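Since the model is a prediction, treat every value here as computed from it, not as a measurement. To find a chain, count down the sequence lines: A is the first, B the second, and so on, and within it residues start at 1. As a basis for the values below, the full set of heavy atoms in this structure was taken, side chains included, without hydrogen atoms, waters or symmetry mates.
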There are 2 protein chains.
Amino acid sequence: MSPELAREPVAPRPHTGRRRNPAVRQAVLDRAAELLAGPDGMAVSIDAIAQAAGVSKHTIYRWWPSKGAVLLEATVERAQKEVTVPDTGALTTDLEAFLADTFRAVDEVAPLLRGLMAEAMRDTVAADGMREFISARRNELRGLLVRGLDRGELPAETDLEMTIDQIYGLMWYRILIARSPVTADVATRLARAVTRPGAPG
Amino acid sequence: MSPELAREPVAPRPHTGRRRNPAVRQAVLDRAAELLAGPDGMAVSIDAIAQAAGVSKHTIYRWWPSKGAVLLEATVERAQKEVTVPDTGALTTDLEAFLADTFRAVDEVAPLLRGLMAEAMRDTVAADGMREFISARRNELRGLLVRGLDRGELPAETDLEMTIDQIYGLMWYRILIARSPVTADVATRLARAVTRPGAPG
DNA sequence: CTTTGACGGAACCTATGGTTTCGTCAACTG
DNA sequence: CAGTTGACGAAACCATAGGTTCCGTCAAAG
């Protein structure tokens, strides 16, 4: 409370004491992802994760605020394989490549995403994180489409948000509801359908 | 075990005793729907439904196998407002009307559908019922599209399943993830985008 | 009047998310 | 080396919720 103490608002104390064990973090995330992707992924309990990771439940809650946070981090870590956003100057080509890349990355972790979605329905941490993730993806896709729009490769009246909803709508629909794969082939056909360069594939 | 008794495999005994009270059934479904659509719809407990309906928990489990079954029935009962499947001979018109009708019915119960979906992620009864419901809707839409295809209003190479996925994908994406409304206006634009009769709306 | 079965109330069991306590051990500092 | 900080494991603990069971009561049919 003294001015002397208040002068240093966030004292960057050099962290004494035992350090966090990185292996613990990784083990938790790895087991969480495995269990989440397993046949019974909708019902992963914290106890199960702790036991599988050979870690105490206490330690998990020491570093993550809720089960949703664990599942979110485990999933994002695996889905974040960098999806390149191409900019070759041709909309259909760019979109096709972007979607193929996205779908490939997402299809691998589809069971993860289903489980995470189930958790996000109840856990606000997971929900917020997922929204953020989804929003970032939308922004990249929107940028790609806007470039095409500016080059006149899309009709000026195109409803961008609806186009984006169509694309990600199909993706999530197949992941969450239909449980059918999203392949590079689907990416190609969808890209053509949305940009409609004449006849569909 | 005697032949005489075995001869009547399912004896349709005329049901003696006290009858089921229809008001109980209705009260449970009504309160369940209300709670599910409420601000906290993701976390409706059986106890809460029982209490709100002025009914014993025992009675609920007497008639429904699980919470998911209750929520499913409550939702379907409200979403089953008959959606007419028009057949005027013009694909775009038919599709537009069908989607407008569907979206109007679905948009009203969007919170219900979100809650039911959350439950379906864990309860197989709810999941199976939902799949059935979704499958029936897909079949109607497919029929409508096939008629247009037969009349040559769609390119012969059109991938019907992907078209259906695009449509219902957008709908579910807006309901579950974006939480944006699905309006008659969206129906119009989507119908035109999918049938692409020249320029988009 | 007797039987059947619906209904309410309440106790009960189990699983799970989340918290707390305690003891131990590893790392850094003086 | 000694003391302090803090990560970690073990286990008890609490609250909530889904689901079951038991009991007593009441309504409808023969």
**Q** As a test of understanding, state which of A:Thr93, A:Thr158, A:Leu95 forms a side-chain contact (heavy atoms from CB on, under 4.5 Å) with A:Thr195.
**A**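 Answer to the side-chain contact (heavy atoms from CB on, under 4.5 Å) test with A:Thr195 among A:Thr93, A:Thr158, A:Leu95: A:Leu95.
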
**Q** Minimum heavy-atom separation for B:Ala193 and A:Met162, please, with both atom names.
**A**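 Heavy atoms of B:Ala193 and A:Met162 come nearest at CB-CE, 4.3 Å.
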
**Q** Under the rule for side-chain hydrogen bond (donor to acceptor under 3.5 Å, both in side chains), what residues qualify as partners of A:Glu153, not counting sequence neighbours?
**A**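 Checked A:Glu153 against side-chain hydrogen bond (donor to acceptor under 3.5 Å, both in side chains); matches are A:Arg151.
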
**Q** Using atom CZ of B:Arg122 as one end and atom P of D:dG18 as the other, report the distance to the nearest whole Å.
**A**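 These atoms are roughly 9 Å apart.
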
**Q** Round to the nearest Å and state the distance from A:Ile60 atom CD1 to D:dA7 atom P.
**A**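 From A:Ile60 CD1 to D:dA7 P: 16 Å.
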
**Q** Can A:Asp128 and A:Arg131 be counted as an ion pair, charged N to O under 4.0 angstrom?
**A**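 Salt bridge present between A:Asp128 and A:Arg131.
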
**Q** As a quick check of understanding, evaluate salt bridge (Lys or Arg N to Asp or Glu O under 4.0 Å) for A:Arg137 and A:Glu140, giving each step before the final call.
**A** CA-CA 5 Å; A:Arg137 299 293 180 130; A:Glu140 295 190 351; 5.6 Å; no

**Q** Among the candidates C:dG17, D:dA7, D:dT20, find the nucleotide nearest to the side-chain atoms of A:Tyr61.
**A**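 Nearest to the side-chain atoms of A:Tyr61, counting from C-beta on, is C:dG17.
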
**Q** Report, one pair per line, the protein and nucleotides 25-27 of chain D atoms (nitrogen or oxygen only) whose separation is under 3.5 Å.
**A**
{"residue": "D:dC26", "atom": "O2", "partner": "B:Arg18", "partner atom": "NH1", "Å": "3.3"}

**Q** What I want to find out is whether B:Arg174 reaches A:Glu161 closely enough, with some N-O distance under 4.0 Å, to be called a salt bridge.
**A**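 Looking at B:Arg174 and A:Glu161, the cut-off is not met.
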
**Q** Within the 4.0 Å heavy-atom criterion, would you say A:Gly54 contacts the bases, only the backbone, or no part of the nucleic acid?
**A**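 Result for A:Gly54 = sugar-phosphate.
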
**Q** Picking from C:dG8, D:dA7, C:dA27, which would you name as closest to the side chain of B:Val55?
**A**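 Nearest to the side-chain atoms of B:Val55, counting from C-beta on, is C:dG8.
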
**Q** Rounded to whole Å, please give me the gap between CZ in A:Arg62 and P in D:dA10.
**A**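 Distance check: A:Arg62 CZ to D:dA10 P gives 18 Å.
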
**Q** Just how far, in rounded Å, is C1' of C:dA27 from CZ of A:Arg19?
**A**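 Going from CZ in A:Arg19 over to C1' in C:dA27 covers 7 Å.
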
**Q** Given C:dC7, D:dC8, D:dA28, identify the nucleotide with an atom nearest to the side chain of A:Thr59.
**A**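 Comparing C:dC7, D:dC8, D:dA28 against the side chain of A:Thr59, the answer is D:dC8.
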
**Q** Between A:Glu108 and A:Arg78, is there a salt bridge with N-O shorter than 4.0 Å?
**A**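 Judged by the 4.0 Å cut-off on N to carboxylate O distance, A:Arg78 and A:Glu108 do not form a salt bridge.
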
**Q** Between atom CH2 in A:Trp64 and atom C1' in C:dG17, what is the gap in whole Å?
**A**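 Distance, rounded to whole Å: 16 Å.
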
**Q** Give the rounded distance in Å between these two atoms: CD of A:Glu119 and P of C:dT16.
**A**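 Nearest whole value for this atom pair: 13 Å.
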
**Q** Between D:dA29 atom P and B:Arg20 atom CZ, what is the distance in whole Å?
**A**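 It is 16 Å, rounded to the nearest whole Å.
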
**Q** For A:Asp47, what residues pass the side-chain hydrogen bond (donor to acceptor under 3.5 Å, both in side chains) criterion, not counting sequence neighbours?
**A**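 For A:Asp47, no residue satisfies side-chain hydrogen bond (donor to acceptor under 3.5 Å, both in side chains) once neighbours in sequence are set aside.
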
**Q** In residues 22-39 of chain B, what residues come within less than 4.0 Å of DNA chain D, judged by heavy atoms?
**A**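 Here the set is empty: none.
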
**Q** Quick one: what's the B/S/- string for nucleotides 11-17 of chain D, heavy-atom cutoff under 4.0 Å, read 5' to 3'?
**A** ------S

**Q** Salt bridge between B:Lys67 and B:Asp123, side-chain N to carboxylate O under 4.0 Å?
**A**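 No, B:Lys67 and B:Asp123 are not salt-bridged.
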
**Q** Salt bridge check, B:Arg25 against B:Asp30: does any charged N sit closer than 4.0 Å to a carboxylate O?
**A**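 No, B:Asp30 and B:Arg25 are not salt-bridged.
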
**Q** Over all strands shown, is B:Trp63 touching base, sugar-phosphate only, or nothing at heavy-atom distances under 4.0 angstrom?
**A**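 Since only primed, P, OP1 and OP2 atoms lie under 4.0 Å of B:Trp63, the category is sugar-phosphate.
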
**Q** Run the side-chain hydrogen bond (donor to acceptor under 3.5 Å, both in side chains) test against A:Arg20 and tell me which residues pass, sequence neighbours left out.
**A**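 If we apply the side-chain hydrogen bond (donor to acceptor under 3.5 Å, both in side chains) test to A:Arg20, skipping adjacent residues, there are no hits.
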
**Q** When you check the side-chain N and O atoms of A:Thr84 and A:Asp101, is any donor under 3.5 Å from an acceptor?
**A**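 Checked: A:Thr84/A:Asp101 side chains pair up, N/O donor to acceptor below 3.5 Å.
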
